[in-house]
Structure formats: C-alpha cells, structure tokens
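The structure under discussion appears below in the form of structure tokens.
Sequential numbering from 1 along the given sequence is applied to the chain's residues. These numbers come from a predicted model, not from an experiment.
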Amino acid sequence: MDKKILLGGAAALIMGAGLYAAPASASAISVDWSGEATLSAVFDDACNENPADLDANTSITGATDALSGCNDDMPVWATSSEYKWSAGGTLANGLGVSVGDAAADGVAVTLSGAFGSVTWEDGGDSAVKAAHVGGDGDIDVAGTGFDGHALATSGTAGYVVNYKAPSIGGIDLYVSYAPGDSDLNDATYENTLAIGATMTAGDITIGAGWETATENTNAASPNACDHAAFTYATGDDYTAEGLVDDIYGTDECGDQTLMGIGVSMDVAEMGLNAGYTVLDTEDGDKTTYNIGLSTSVGAYSLGLDYVNSELAYADASSHTQTVIGANISTDLGDGVALSLDFTN
C-alpha cells in the first residue's frame with residue numbers, strides 16, 4: 001500500500017450579493033438572483049511523484065521520458081465568480097413549481113405537493129448524494145487529491161430525475177433515475193437507478209444510499225475496461241493517465257455499484273459527522289471514510305476534518321491518501337467573508 005501525505009494551505013476572500021423581487025400581483029411566483037466572487041491564494045509545497053497522480057494532459061512520448069511531476073508553485077492566486085437564479089411559488093391548485101440553474105446546461109424544474117417533489121435536471125445528483133449526511137470528504141489539497149466520497153456512479157449522467165417522498169416520522173426517502181447521457185439510444189449507461197434514505201431522531205441523522213449502473217456494451221463509446229499487459233511501439237504517444245491505467249488498471253469502468261452510509265449529530269456546541277462509501281467497478285475501486293467536527297467561537301466558525309481514501313486497482317495494488325483539513329472563517333460584513341484552509 002502506498003501512502004501519500006500532502007501539505008498546503010489556502011486562503012479565500014468571498015463576496016456575495018443577492019436580489020429578491022416579487023411581482024405586485026396576487027401571483028405567488030417570486031424570483032431570486034444571487035452571485036458570488038472569490039479571490040484565493042494557495043500556498044503549496046506538495047510534490048507529486050507517484051505516477052498515478054500525474055495529470056491526464058501530461059504527455060509521454062518515447063521510452064526515455066520520466067514519469068514524474070512536481071507542483072510546488074507558491075503562492076498561486078486565482079479569482080472566480082458564480083451567478084445563480086431561481087423562481088418558484090405555489091399555484092392556485094396547490095402545486096408547487098420552481099425552476100433554476102441546472103448543474104449542467106439549461107434549467108432544473110421541480111414540481112412539489114402532497115406527493116413529495118420531483119426534479120428534472122441536466123447533471124442532477126444521485127439519490128445516494130441526496131441521502132449522504134456525513135459530509136462529502138472533499139477537502140481541497142495543495143496537489144492531487146482523491147476528491148472525497150464517490151457519491152454517484154458513472155451512470156448518473158445527463159438528465160436525472162430525482163424524487164423525494166413526503167417525510168414520515170423523521171424518515172425521508174430519495175429515488176433517482178438516469179435514463180442515459182444520450183438521446184440516440186446509445187448511452188454509455190442506461191436506466192441507472194439509485195435509492196437513499198435518511199432518518200432523524202432528535203439531534204442525530206443517519207443516511208444511507210445504494211446505486212447500480214450497468215454498462216451498455218452496444219453504446220457508440222462504451223466505458224469498457226482496457227486493462228491489459230502493456231506493450232510499447234517506437235513512436236507511440238501516451239498520456240501519463242492512460243499509461244498508468246494500462247499498467248495498473250485504474251479506470252472506474254464497466255458495471256458499477258455504489259454504497260454509502262453517514263451520520264451527523266449535534267453535541268453541545270459542536271457538530272459531528274462521519275461517512276463511509278464504497279464504489280466497486282470492474283477495474284479501479286474506491287473506498288473512503290471521513291470524520292468531521294465543526295463549532296463556533298464568537299464571530300469565527302471552525303472546522304476540522306479527517307479523510308482516508310483508498311484506490312484499489314485491477315492488478316491488486318492500491319494507493320491510499322490521508323488528508324487532515326482545518327478551516328477558520330468569519331463574516332467581515334457587507335457580504336464579505338474571509339476563509340482560511342489548511343491541509344496536511
């Protein structure tokens with residue numbers, strides 16, 4: 001088992017603004033606009049020398065090229081912005097209607113009522129993610145991270161339909177369905193189904209989810225696993241990611257199954273959460289668990305997280321990453337917030 005520790009820190013300045021407008025008529029439909037701008041600086045002393053960590057666009061040409069990479073720039077400044085809109089209300093017949101930005105292109109549309117709610121969204125989430133209450137475990141690392149928990153299979157792609165049943169006795173049920181990421185009946189995965197549930201009792205919430213995706217072998221571009229004995233021909237060009245996959249079998253491909261469970265609770269002035277997920281594919285598998293703690297001291301919000309992720313490859317080798325993250329943030333007023341993140 002190969003373990004890697006990454007060390008780094010990040011700071012972000014976040015500014016947000018929102019606009020709310022309601023028509024003067026008796027209509028219950030309202031519109032909300034919001035935006036956020038971020039300025040960040042990342043201080044990084046992590047050097048990525050494991051071949052599995054190399055970026056996909058790293059080109060390997062010829063037999064003498066070294067398989068190594070290093071990212072020790074300090075600091076790295078970045079800016080970003082995000083704008084969102086939503087509209088919704090309740091019609092005279094009691095049907096709730098809301099629309100807003102979709103995760104991918106277009107808009108997300110939700111209908112709600114006594115039956116629960118149904119959402120249609122391009123790039124929508126899996127029911128496993130909807131029911132995961134243990135934190136996503138996705139701590140920003142200064143270097144190559146494993147992206148925390150896997151909260152969907154490759155089959156949750158394209159338009160996703162999500163159903164949330166009415167709450168009964170503190171129990172919420174979620175179901176998601178992804179017909180496929182193509183309208184030509186040649187989607188890589190078709191008819192992907194996921195189910196999740198949460199149960200709340202007092203200050204404790206427990207969530208669990210399960211998803212399965214079956215590869216469409218007749219697809220125009222199937223997500224087939226291609227791990228095999230590596231052969232090299234003079235002049236062949238490879239990306240580092242492709243070369244490593246040929247040797248170790250790292251792709252998340254073929255038929256896939258995902259299972260997740262998590263818990264969150266409030267104790268005194270602290271919030272605790274923990275989660276565990278397993279993504280099983282025909283080549284690379286991913287197992288992740290995390291523990292998180294959050295609290296407030298005066299005007300400051302504090303967070304501490306521990307995440308352990310293991311990637312198990314088709315050749316029976318594995319790669320483990322452990323990350324400890326700490327966060328402190330405060331509201332500076334007038335829509336401006338300051339956040340400091342440290343990872344090890």
If only atom types and distance count, is the side chain of [X] paired as donor or acceptor with the main-chain N or O of [Y] below 3.5 Å?
X      : Y      : value
Lys129 : Gly124 : no
Asn290 : Gly134 : yes
Tyr189 : Gly254 : yes
Thr90  : Leu95  : no
Glu211 : Thr153 : yes
Glu215 : Asp255 : no
Asp266 : Gly271 : no
Thr281 : Gly284 : yes

Say whether [X] and [Y] are linked into one hydrophobic cluster, either directly or through other cluster members, by side-chain heavy-atom distances under 4.5 angstrom.
X      : Y      : result
Ile261 : Tyr306 : yes
Val278 : Val128 : no
Ile291 : Val133 : no
Trp210 : Val175 : yes
Val263 : Ile171 : no

Measure the spacing between [atom1] of [X] and [atom2] of [Y] and express it to the nearest 0.5 Å.
X      : Y      : atom1 : atom2 : value
Leu304 : Leu302 : CG    : CG    : 9.5 Å
Leu311 : Gln321 : CG    : CD    : 8.5 Å
Ser294 : Met270 : OG    : CE    : 9.5 Å
Asn162 : Tyr174 : CG    : OH    : 10.0 Å
Thr343 : Asp305 : OG1   : CG    : 11.5 Å
Asp285 : Glu310 : CG    : CD    : 9.0 Å

If we count only N and O atoms by modelled type, under 3.5 Å, do the side chains of [X] and [Y] hold a donor and an acceptor together?
X      : Y      : result
Ser339 : Asn327 : yes
Ser112 : Ser117 : no
Thr295 : Glu269 : no

Please report the shortest heavy-atom distance between [X] and [Y], naming the atom on each side.
X      : Y      : answer
Ser296 : Ser301 : OG-OG, 3.9 Å
Ala108 : Thr119 : CB-CG2, 4.5 Å
Ala194 : Ala127 : O-CB, 3.7 Å

Over 12 non-hydrogen atoms of neighbours within 6.0 angstrom of CE in Met265
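Buried by this count: over 12 neighbours within 6.0 Å.
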
Identify each donor-acceptor pair in which a side-chain atom of residues 75-87 lies under 3.5 Å from a protein atom, sequence neighbours left out, and give them as a table.
unit_1, atom_1, unit_2, atom_2, d
Trp85, NE1, Asp101, OD1, 2.8

Acceptor/donor pairs from residues 200-208 side chains to any protein atom, 3.5 angstrom cut, sequence neighbours excluded:
unit_1, atom_1, unit_2, atom_2, d
Thr200, OG1, Thr205, OG1, 3.0

Where do Gln256 and Leu258 land on the side chain to side chain contact (heavy atoms under 4.5 Å, CB included) test, with the steps shown first?
CA-CA 7 Å; Gln256 303 180 17; Leu258 172 65; over 6 Å; no

Hey, could you give me each pair passing ring-ring contact (aromatic ring centres under 6.0 Å, His included) that has a residue in residues 101-133? Not counting sequence neighbours.
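Listed once each, the pairs are His132-His149.
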
Full working for side chain to side chain contact (heavy atoms under 4.5 Å, CB included) between Ser329 and Tyr300
CA-CA 6 Å; Ser329 62; Tyr300 297 92; over 6 Å; no

Just wondering, do [Y] and [X] contact through their side chains at under 4.5 Å, heavy atoms?
X      : Y      : value
Leu272 : Val267 : yes
Val118 : Val161 : yes
Thr288 : Asn308 : no

Check the pair Asn191, Leu193 against side chain to side chain contact (heavy atoms under 4.5 Å, CB included), reporting the backbone distance first and the verdict last.
CA-CA 6 Å; Asn191 304 318; Leu193 183 67; over 6 Å; no

Side chain to side chain contact (heavy atoms under 4.5 Å, CB included), that's the test. Do Tyr163 and Tyr177 meet it? Break it down for me.
CA-CA 9 Å; Tyr163 171 69; Tyr177 170 71; over 6 Å; no

